[in-house]
2 protein chains.
Amino acid sequence: MRNRAAYSKLTIRDVAAEAGVSIATVSRVLNGRAPIAPETAAKVRAAVERLGFRANRTGRELRAGISRTVGVLVPSLDNPVFAESVTGIQEAARDAGWSVLIASSGYDVERENEAIGNLLSHRVGGLLLTVADADRSATLDTLDREQTPYVLLYNQPDRDDRATATIDNVAAGRDATRALIAAGHRRLAMVAGRFVASDRSKQRHRGFSEALAEARLEQVALIELDFDAVAAFDPMIRAVLTGPNRPTGLFCSTDLLALRIMALLREAHVAVPGEVGIVGFDGIAVGRLMAPSLATIVQPSREMGRRAFQHLLARLEGAAPEQILLPYEFRPGGSLGGTANAPQGE
Amino acid sequence: MRNRAAYSKLTIRDVAAEAGVSIATVSRVLNGRAPIAPETAAKVRAAVERLGFRANRTGRELRAGISRTVGVLVPSLDNPVFAESVTGIQEAARDAGWSVLIASSGYDVERENEAIGNLLSHRVGGLLLTVADADRSATLDTLDREQTPYVLLYNQPDRDDRATATIDNVAAGRDATRALIAAGHRRLAMVAGRFVASDRSKQRHRGFSEALAEARLEQVALIELDFDAVAAFDPMIRAVLTGPNRPTGLFCSTDLLALRIMALLREAHVAVPGEVGIVGFDGIAVGRLMAPSLATIVQPSREMGRRAFQHLLARLEGAAPEQILLPYEFRPGGSLGGTANAPQGE
DNA sequence: TTGTAGGCGTTATCAG
DNA sequence: CTGATAACGCCTACAA
């Protein structure tokens, strides 16, 4: 028996020597595929146990040409909505014996491309991505061309050849806005994450516009914000909210934005929901803990992560790209104000 | 020139053929180590560009025996404090050209061990971990024995041979409690994450106890909660908060717990800070957005992630394990109540 | 300065 | 049922 090497340095060769069999046999026992004599298997397993051996996935992957690792790209883990989807991905991946390689883009297209390239250099089995704009992305074009399997999360491209797990953002944006209108608000504005950084934001605004049109209302204002710097827009927001035709209802394209706006308004002594009603979007957990609680569209982020992963596995087996539309739900909350009868989500 | 294969299937052999050189030359150009004729390098680079080639890290890693991937284990990404540390890790990793493999334990020791084993099977270059109990962990013992480099985050073991990046949890717990006392609270209780699931929680409670002793006060109650199920403890908490000697000050071992307790109290019509003052721990971003804003100990989570990664790199170069103690800060907030003069963090 | 060849740890093929 | 062996993609002596 060789000297016991470090855990991370053991190879099946060590195990083979310890068990007195060939490396091929060790491999077979480890993978349980081929027919093996029970005693041989026992010997090998004992050796594995004794040595504390764990197969090197690198060798396995190189041999197989593909890995059971999924590459995940999110805009930012600091938005709980994305963190939650990653939790769902992790759950599904764990169930399937897969690992998760993660990267963040910071909502920046250049970093997005760079990060995807890095993930690909690991020869991951597939990708789960939330990108800035799923309809025009050079990197997604490349992935398509080279048939690298991926599934988008949150993104909801117009084209139907890209696999996604998402909700209907336009419909949800419409529902959120309808809730404001149903609550009695007539002068509505939207605070949105930059459209170039988030196609969802744009789609939610489309829903906002549709609901306004339905009710024959005009948009009072549209404030596009960077996702990271809200404070800088304080003056602009104050201006809008104290202007001549100031809105009484605000639709925010994400909950995080909504919470920041609410804090801003509090500082400015604008009462929520007294003077302004607010609806968010995402359904992050902390929204329910606020006072007033945040009315919002709840996305099933965790489930979205799980479903996206499962669809990725399906695609690896040759399934065609699907656009998985998950149900969302409007969650009423004190921030809405007015005398709302909350509409039900689809 | 061969048929253009899928991006992910290209090898340096393809590039070599395309450029009319040997694979060794391609490798050398890619790594920029050896002396190369400028024109040769140009040819190779052109071929790389033309083909859209990106080196397969699996092959590289197998050959090198080690990878530029860091394995990260957190209790849960759904607590923003951990998500934030991962953001810091990602930043530092990206700067260094490393990738991030991530797993969550759900605060469960068994899953913790399993996850670390999985990360190790990838032969990661090192590990960044937040474990349940850094002082007694069979897995950490194993890592030490086999000299697998790792750095702990948030964990603050008593022993000084384990590398960490953390804050002084006892001192911070003491400061948080002192703040409650300084605010005029005399009947103090603590709501803590289960000690078996979080050594930090235990240490923060030690700080709590020390501050009480200093002020010659008795602990009114200690409520240990599972990190995921707070609602279930509603009755217990209500009982404590309405008991004969009910506390007027509450120290919560995490911000997330504090926010949940605040919501619970709101439902129970117990005024915060009117009837109960609250201090949290972590400094998650949303705490500042609440009304009242959450008084808390702010940990430099992002920086902690960055520093932990950097120390891991240092350890890989042979540096001895360090216990990096980062500064924390007490952030006053409306939840504190009383007439506090907030103490400064160290 | 460049090419040839061996081997990293694993699995699959092919004999026995 | 088991063993020897040839790859997988890459890097690095060693040769030329």
Side-chain angles (χ1 to χ4, degrees), chain A residues 2 5-45 47-48 51-69 97 120-125, chain B residues 2 5-45 47-48 51-69 97 120-125:
Chain A
R2 300 177 30 154
Y7 180 46
S8 56
K9 296 290 181 188
L10 286 174
T11 80
I12 59 172
R13 218 165 293 275
D14 299 305
V15 178
E18 175 79 9
V21 298
S22 75
I23 60 167
T25 300
V26 174
S27 173
R28 283 192 274 253
V29 172
L30 257 38
N31 296 297
R33 294 248 174 266
I36 291 281
E39 327 138 22
T40 311
K43 270 196 304 184
V44 171
R45 262 186 266 280
V48 165
L51 265 41
F53 168 80
R54 186 181 283 263
N56 181 338
R57 289 179 83 136
T58 311
R60 187 176 296 196
E61 286 170 13
L62 181 58
R63 170 63 219 233
I66 202 175
S67 82
R68 285 177 171 256
T69 296
L120 287 176
S121 74
H122 285 272
R123 298 303 187 269
V124 290
Chain B
R2 298 178 33 156
Y7 178 48
S8 56
K9 295 291 181 188
L10 286 173
T11 79
I12 57 172
R13 217 166 293 277
D14 299 306
V15 178
E18 175 78 9
V21 298
S22 75
I23 60 169
T25 301
V26 174
S27 173
R28 283 192 273 253
V29 172
L30 257 40
N31 296 298
R33 295 247 173 267
I36 292 281
E39 327 137 20
T40 311
K43 271 196 302 184
V44 171
R45 262 187 264 279
V48 166
L51 264 41
F53 169 80
R54 185 181 284 263
N56 180 337
R57 290 179 82 134
T58 312
R60 187 176 298 199
E61 287 171 11
L62 182 57
R63 168 65 218 241
I66 202 175
S67 82
R68 286 176 171 257
T69 296
L120 287 177
S121 75
H122 285 273
R123 299 301 186 269
V124 290

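All values below were derived from every heavy atom in this structure, side-chain atoms included, with hydrogens, water molecules and symmetry-related copies excluded. Keep in mind that what you see is a predicted model, and the values were worked out from it rather than measured. In the text below, chain A, chain B and the rest are named by the order of the sequence lines, each starting its count at 1.
Base engagement by B:Leu62 is indicated by at least one non-hydrogen atom pair under 4.0 Å involving a base atom.
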Report task. Assign a letter to each nucleotide of nucleotides 10-16 of chain C from its 5' end: B, base within under 4.0 Å of a protein heavy atom; S, sugar-phosphate only; -, no contact. Result -> BBBB---
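The two residues A:Glu18 and A:Ala47 have their closest heavy-atom pair at CG-CB, 3.4 Å. Shown here for B:His122 and A:Thr69, the closest heavy-atom pair between the two residues is CE1-OG1, 3.2 Å.
Judged by closest nucleotide on DNA chain C, B:Ser22 is the one of B:Ser22 and B:Gly65 placed further toward the 5' end.
Screening A:Val26, A:Val21, A:Leu30 for a side-chain contact (heavy atoms from CB on, under 4.5 Å) with A:Val15, the sole residue that qualifies is A:Val26.
Proximity of B:Ile36 to B:Thr25: side-chain heavy atoms (C-beta onward) are separated by under 4.5 Å at one or more points.
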**Report entry** Derivation of the side chain to side chain contact (heavy atoms under 4.5 Å, CB included) call for A:Arg60 and A:Arg68
**Finding:** CA-CA 10 Å; A:Arg60 187 176 296 196; A:Arg68 285 177 171 256; over 6 Å; no
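Here A:Ser121 contributes atom OG and B:Arg57 contributes atom CZ; the two are 4.5 Å apart, rounded to the nearest 0.5 Å.
Contact annotation: B:Thr25 reaches the phosphate of C:dG3 (side-chain N/O to OP1 or OP2, under 4.0 Å).
Following rounding to the nearest Å, A:Ile66 (CD1) and D:dG9 (P) show an atom-to-atom distance of 13 Å. To the nearest angstrom, C1' of D:dG9 lies 11 Å from CG of B:Asp14.
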